Amino acid sequence: MKTLVSKFFKDESGATAIEYGLIAALIAVAIIVVVGLVGENLEDTFQSVADGLSGAE
């Protein structure tokens, strides 16, 4: 029983999977933030173009 518990605490494969999961989550959050910021800038750009075209009539 003692060796089983000792093997369990020495096994690091679960910790590695958790680390990869955390890294993937951080990358996903970064992508969401960047896409949100770029989307706002694109919306402003398209609105400026639309305003310019409506004034050209």
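Since the model is a prediction, treat every value here as computed from it, not as a measurement. Numbers for residues simply follow the sequence, beginning at 1.
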Checklist line | Transitive ILVMFWY cluster of F46, excluding itself - 4.5 Å side-chain cut-off | finding: V34, V38, L42
Note to self: For Q47, give me all partners under side-chain hydrogen bond (donor to acceptor under 3.5 Å, both in side chains), at least two apart in sequence or on another chain.
What the structure shows: D51
Note to self: If the condition is side chain to side chain contact (heavy atoms under 4.5 Å, CB included), which residues does I27 pass it with, not counting sequence neighbours?
What the structure shows: I23, I31
Item checked: With L22 via side chain to side chain contact (heavy atoms under 4.5 Å, CB included) - residues at least two apart -> I18
